[in-house]
There are 2 protein chains.
Amino acid sequence: MGVIEKVARRTRQAAEAEAPLPLDQIVMGDCIAAMKALPSKSVDMVFADPPYNLQLGGELFRPDGSHVDAVTDDWDKFDTFAQYDAFTRAWLAEAHRILKDDGTIWVIGSYHNIFRVGTAVQDLGFWILNDIVWRKANPMPNFRGTRFTNAHETLIWASKGEKAKYTFNYRSMKTLNDELQMRSDWEFPICGGNERLKKGGVKVHPTQKPEALLYRILLACTKPGDVVVDPFFGTGTTGAVARRLGRRWIGIERELTYVDAAMERIAAALPLDESALATMQSPRSQPKVAFGVLVENGYLTAGDVLTDAKRRYRVLVRADGSLASECGATGSIHKLGATLQGAPACNGWTFWHIERDGVLAPIDTLRQTYLLATQP
Amino acid sequence: MGVIEKVARRTRQAAEAEAPLPLDQIVMGDCIAAMKALPSKSVDMVFADPPYNLQLGGELFRPDGSHVDAVTDDWDKFDTFAQYDAFTRAWLAEAHRILKDDGTIWVIGSYHNIFRVGTAVQDLGFWILNDIVWRKANPMPNFRGTRFTNAHETLIWASKGEKAKYTFNYRSMKTLNDELQMRSDWEFPICGGNERLKKGGVKVHPTQKPEALLYRILLACTKPGDVVVDPFFGTGTTGAVARRLGRRWIGIERELTYVDAAMERIAAALPLDESALATMQSPRSQPKVAFGVLVENGYLTAGDVLTDAKRRYRVLVRADGSLASECGATGSIHKLGATLQGAPACNGWTFWHIERDGVLAPIDTLRQTYLLATQP
DNA sequence: ACTCTAGATGAATCTCGCT
DNA sequence: CAGCGAGATTCATCTAGAG
């Protein structure tokens with residue numbers, strides 16, 4: 001190491017010692033440059049909600065003709081995967097540097113970007129602890145019927161390295177989950193209602209995250225007084241939740257509109273009210289079982305014959321859980337029951353029966369058997 | 001049949017005879033070499049359950065210590081991930097080659113490998129259609145309480161390219177899910193009970209996948225008779241389900257123990273008969289009925305009045321099956337519906353209604369009636 | 001004040017076949 | 001290959017306004 005490097009190094013160390021962390025503040029500017037200004041090994045968590053690189057095509061309309069408001073912001077535009085990867089690795093490298101050795105990072109994304117983010121996370125030496133699935137209670141449907149409803153997003157939780165220590169408040173999570181271990185799949189509604197920031201009736205940010213999500217993350221993986229950095233601060237969900245939970249925060253954001261909204265929001269951050277707390281509870285897995293699930297799991301087999309209690313109607317179970325009558329009519333258990341009876345509606349679970357061991361039993365008993373076998 | 005056709009046909013048969021697909025067979029050996037022996041663009045789906053690279057932590061990484069040169073350490077990590085990546089890209093490239101242009105690939109993995117797999121999938125030109133989460137109803141708990149219970153695995157579904165066509169049986173999936181769109185999060189129990197293959201009380205394969213998972217995948221994304229290749233066949237879940245559902249399969253596997261177990265298992269899998277195999281069809285694949293045909297056949301008469309459900313618009317049916325509004329606008333049922341609403345598009349079948357016996361019903365019901373009356 | 005209904009909307013890689 | 005036209009396609013939740 002030459003003299004110049006030595007001097008430069010000493011100067012930088014001195015500068016770091018002098019520069020205090022901009023705690024509970026928003027730093028305006030590019031996230032990579034802003035993180036470079038923070039000292040090494042100085043923060044306890046990085047929570048990042050980077051651009052997803054959606055690559056959307058043309059306009060999309062709902063079946064009722066209304067227009068879908070897509071994410072068309074410039075900050076989500078990248079020309080190539082290589083460009084997105086370079087950006088990802090640059091900000092992740094800075095995140096790694098500013099984290100204390102026992103700090104952790106959280107990143108959220110969708111299938112558009114999360115695989116590239118995860119690969120970069122591993123390549124930079126982070127050690128993945130869990131991937132977490134946010135199951136959306138109310139996702140936007142797939143309006144054209146071309147794919148499965150995109151009903152979840154993925155989060156990655158990683159420590160600084162394989163042997164690194166990290167904070168995990170196991171008891172808090174177990175308590176939050178009715179004395180069952182917290183699983184890697186979490187269900188929350190998307191951000192809406194009063195929580196969704198609006199200005200003039202228009203949403204301020206296209207992708208505001210629910211506070212319940214950040215609440216669980218900060219509660220699980222930080223201690224009171226810990227410092228959380230959010231390099232893509234947006235409208236400041238991380239800051240608002242951190243303040244409520246007694247954590248310190250640093251936000252980095254380029255857009256003035258978002259910064260203004262975030263400042264106002266965090267200043268007003270009130271203790272979580274009861275309705276918000278209610279959404280924190282992990283809902284018991286839904287007792288609802290679709291008829292098709294029984295076919296998939298072998299409780300019924302395609303080809304089985306169902307009848308009503310008086311054996312007036314006779315139908316065949318098909319591979320996809322639809323029923324087919326001898327007269328050619330087909331449909332779900334409810335629809336076909338209604339059609340054959342000429343009724344407006346029908347509860348297929350109690351209407352249709354299957355003969356087992358000479359006894360005619362409603363198919364609802366099969367559902368009960370399935371639930372008993374799979375519910376904890 | 002003319003001479004030319006006969007010759008062409010014989011030549012094609014000869015070509016196929018030289019390199020026939022090993023349908024409904026297990027090919028023993030390395031998956032990359034075995035796929036290389038298959039012709040290009042010859043199969044409809046690849047389902048892959050590759051090694052999860054779980055050994056990365058113990059065997060491929062050096063322990064983290066201050067005495068180890070940081071640069072060398074990073075190099076080492078990159079090198080070992082590179083090995084897994086090279087293997088992944090090699091078999092994915094072969095999968096891409098053997099797939100027909102309208103074929104799709106499914107890959108399952110966990111956080112240990114799925115990010116690397118997903119990145120490779122994208123880099124090879126595949127176009128991700130969905131990522132699917134398999135929520136385990138009964139996952140293994142995290143015994144040491146150090147992380148969230150790892151309660152899911154991730155699947156990637158991708159077409160050969162952005163503009164590629166693919167099979168998605170939307171109606172079947174909606175029926176299977178009680179008339180709601182099938183979401184990207186699926187819940188199944190892990191493979192156990194009678195389904196779990198055992199020999200001498202010990203499980204034959206450590207990661208046998210549940211048949212219900214493959215059942216949904218094959219039902220959703222293949223047609224009867226389609227060919228599915230599984231390059232990591234294991235104990236043959238893919239083959240067993242494919243046989244039951246009337247799909248053809250090709251398994252590739254190195255371990256003799258697994259091959260033996262798979263052969264026995266698949267032989268015992270009973271194919272469903274044709275009527276049970278039938279599924280709900282999308283309207284697109286049903287015979288098309290032009291609106292004019294209903295007029296021609298007296299299901300509607302020129303001069304009949306149609307309105308929308310709320311009776312905001314009122315139009316007259318004309319002899320050629322076009323509609324005429326009081327304001328002078330005319331057009332097909334779709335076009336006029338769109339014009340009057342000022343919408344970009346409109347489904348006239350569900351938009352326009354006719355009053356019969358005091359009840360307002362969509363004209364689509366007339367089409368259903370016509371189809372029932374005329375279909376064999 | 002409360003109920004009911006109609007309308008709006010959310011990180012979305014969202015048609016197909018013929019000319 | 002671009003353009004055009006037929007016709008297929010949505011779930012949970014919140015808000016506003018009517019009753």
Side-chain angles (χ1 to χ4, degrees), chain A residues 49-73 75-78 81 108-114 134 136-154 187-196 198 201-203 205-210 232 234 275 279, chain B residues 122 126-131 158-159 161-163 165-166 168 170-171 174 177-184 282-286 288-292 309-310 321 331-338 344-352 363-364 367:
Chain A
D49 180 12
Y52 285 11
N53 191 21
L54 284 186
Q55 302 180 251
L56 300 179
E59 301 287 277
L60 181 63
F61 296 89
R62 297 185 179 80
D64 66 4
S66 63
H67 182 253
V68 175
D69 183 22
V71 178
T72 52
D73 306 69
W75 49 252
D76 196 44
K77 298 216 186 309
F78 296 85
F81 279 135
I108 183 168
S110 66
Y111 68 84
H112 310 84
N113 71 323
I114 198 66
W134 167 28
K136 301 183 183 183
N138 48 350
M140 183 157 55
N142 181 293
F143 296 116
R144 311 306 290 267
T146 56
R147 305 178 178 192
F148 299 98
T149 305
N150 193 5
H152 74 275
E153 293 189 20
T154 302
E187 179 173 324
F188 299 111
I190 57 178
C191 183
N194 287 334
E195 191 186 325
R196 187 90 196 198
K198 287 182 184 170
V202 181
K203 61 187 176 191
H205 195 284
T207 70
Q208 187 182 336
K209 294 292 174 288
F232 307 94
S275 64
T279 66
Chain B
Q122 290 180 313
F126 285 108
W127 191 249
I128 298 182
L129 298 165
N130 278 115
D131 61 333
S159 68
E162 181 177 358
K163 304 291 180 194
K165 297 188 193 310
Y166 55 91
F168 179 56
Y170 176 75
R171 278 301 328 171
K174 192 165 174 176
N177 196 37
D178 271 356
E179 296 298 325
L180 288 178
Q181 284 192 342
M182 186 68 80
R183 296 168 41 116
S184 57
S282 73
R284 196 173 287 282
S285 53
Q286 284 174 346
K288 203 165 95 177
V289 179
F291 179 68
K310 293 172 189 169
S332 70
I333 55 172
H334 312 294
K335 194 160 191 179
L336 190 57
C346 167
N347 181 351
W349 290 109
T350 52
F351 180 73
W352 294 112
I363 55 176
D364 193 44
R367 179 167 60 163

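Predicted model only: the values in this text are computed from it and were never measured. Below, chain A is the first sequence line, B the second, and so on; all start at residue 1.
Applying the side-chain hydrogen bond (donor to acceptor under 3.5 Å, both in side chains) test to B:T350 and every residue at least two apart in sequence or in another chain returns nothing. In this view, A:N138 satisfies the side-chain hydrogen bond (donor to acceptor under 3.5 Å, both in side chains) rule with no residue, not counting sequence neighbours. For A:H205, the ring pair (Phe, Tyr, Trp, His ring centres under 6.0 Å) partners at least two apart in sequence or on another chain are A:W75, A:Y258. Applying the side-chain hydrogen bond (donor to acceptor under 3.5 Å, both in side chains) test to A:T154 and every residue at least two apart in sequence or in another chain returns nothing. Evaluation of the salt bridge (Lys or Arg N to Asp or Glu O under 4.0 Å) rule for B:K335 yields no partner, not counting sequence neighbours. Partners of B:H334 under the side-chain hydrogen bond (donor to acceptor under 3.5 Å, both in side chains) rule, at least two apart in sequence or in another chain, do not exist in this structure. Among residues two or more places apart in sequence or in another chain, the salt bridge (Lys or Arg N to Asp or Glu O under 4.0 Å) test is passed with B:D178 by none. Looking at residues two or more places apart in sequence or on another chain, you find no side-chain contact (heavy atoms from CB on, under 4.5 Å) involving B:K163.
B:S282 comes within contact range of no nucleotide atom at all, as no heavy-atom separation falls under 4.0 Å. No contact: A:P210 has no heavy atom under 4.0 Å from any strand. Within the nucleic acid shown, A:W134 has no heavy atom closer than 4.0 Å to any nucleic acid atom. Heavy atoms of A:G58 sit under 4.0 angstrom from at least one base atom. Residue contacts for B:K163: at a heavy-atom cut-off of 4.0 Å it reaches no nucleic acid atom on any strand shown. Nucleic acid contact class of B:R183 (heavy atoms, under 4.0 Å, all strands): none. Within 4.0 Å of B:A290, counting heavy atoms only, lies no atom of the nucleic acid at all. A:T207 comes within 4.0 angstrom of a nucleotide base, judged by non-hydrogen atoms across all strands. Note on A:C191: nothing from the nucleic acid sits closer than 4.0 angstrom, heavy atoms only. Counting non-hydrogen atoms under 4.0 angstrom, B:W127 reaches a base of the nucleic acid. Within the nucleic acid shown, A:D49 comes within 4.0 Å of at least one base atom, counting heavy atoms only. As judged by a 4.0 angstrom heavy-atom cut-off over every strand, A:N142 is placed among the base-contacting residues.
Here the side chain of A:R196 pairs a donor or acceptor atom with the backbone of A:C191 at under 3.5 angstrom. With hydrogens and angles ignored, the 3.5 Å screen pairs a side-chain donor or acceptor of A:Q208 with a backbone N or O of A:E195. The closest donor-acceptor contact from the side chain of B:Q181 to the backbone of A:N142 lies under 3.5 Å.
Rounded to the nearest Å, the gap between the P atom of C:dC14 and that of D:dA12 is 23 Å. Going from the C1' atom of D:dT10 to that of C:dG7 covers 14 Å, rounded to whole Å. C:dG10 and D:dA8 have their C1' atoms separated by 22 Å, with the value rounded to a whole Å. Spacing between D:dC1 and C:dC16 at atom C1', rounded to whole Å, works out to 15 Å. Rounded to whole Å, the separation between the P atoms of D:dG7 and C:dA12 comes to 30 Å. Comparing the same atom, P, in D:dT9 and in C:dT9 gives a spacing of 25 Å after rounding to whole Å. Across C:dA11 and D:dT15, the matching P atoms stand 15 Å from one another, rounded to whole Å.
Shown here, C:dT13 is classed syn by the O4'-C1'-N9-C4 or O4'-C1'-N1-C2 angle, which is within 90° of 0.
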Contact letters for nucleotides 11-19 of chain D, in which S counts primed atoms plus P, OP1 and OP2 and B counts the base, heavy atoms under 4.0 Å: BSSSS----

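For B:H334 and D:dG7, the shortest distance from a side-chain N or O to OP1 or OP2 is below 4.0 Å. At the phosphate of D:dT9, neither OP1 nor OP2 sits under 4.0 Å from any side-chain N or O atom of A:R147.
Considering A:E153, A:R147, A:H152 as possible partners of B:S184, the one that fulfils the side chain to side chain contact (heavy atoms under 4.5 Å, CB included) test is A:H152.
With the nearest nucleotide of DNA chain C identified for both A:G57 and A:E153, A:E153 has the one nearer the 5' end. Mapping A:I190 and A:T146 onto DNA chain C by nearest heavy atom places A:I190 closer to the 5' end of the strand.
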Would you list the atom pairs, donor with acceptor, under 3.5 Å between side chains in residues 60-68 of chain A and any protein atom, with sequence neighbours excluded?
from	atom 1	to	atom 2	distance (Å)
A:R62	NH1	A:S66	OG	3.2
A:R62	NH1	A:H67	O	3.1
A:D64	OD1	A:S66	N	2.9
A:D64	OD1	A:S66	OG	2.8
A:H67	NE2	A:E59	OE1	2.6

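Secondary-structure stems of DNA chain C, taken as three or more successive Watson-Crick or G-U wobble pairs (i with j, i+1 with j-1) under a 3.5 Å distance threshold, comprise C:2-10 with D:11-19, C:15-19 with D:2-6.
In 5' to 3' order, the nucleotides of DNA chain C bounding all contacts with chain B (an atom under 4.0 Å from a heavy atom) are C:dG7 to C:dG17.
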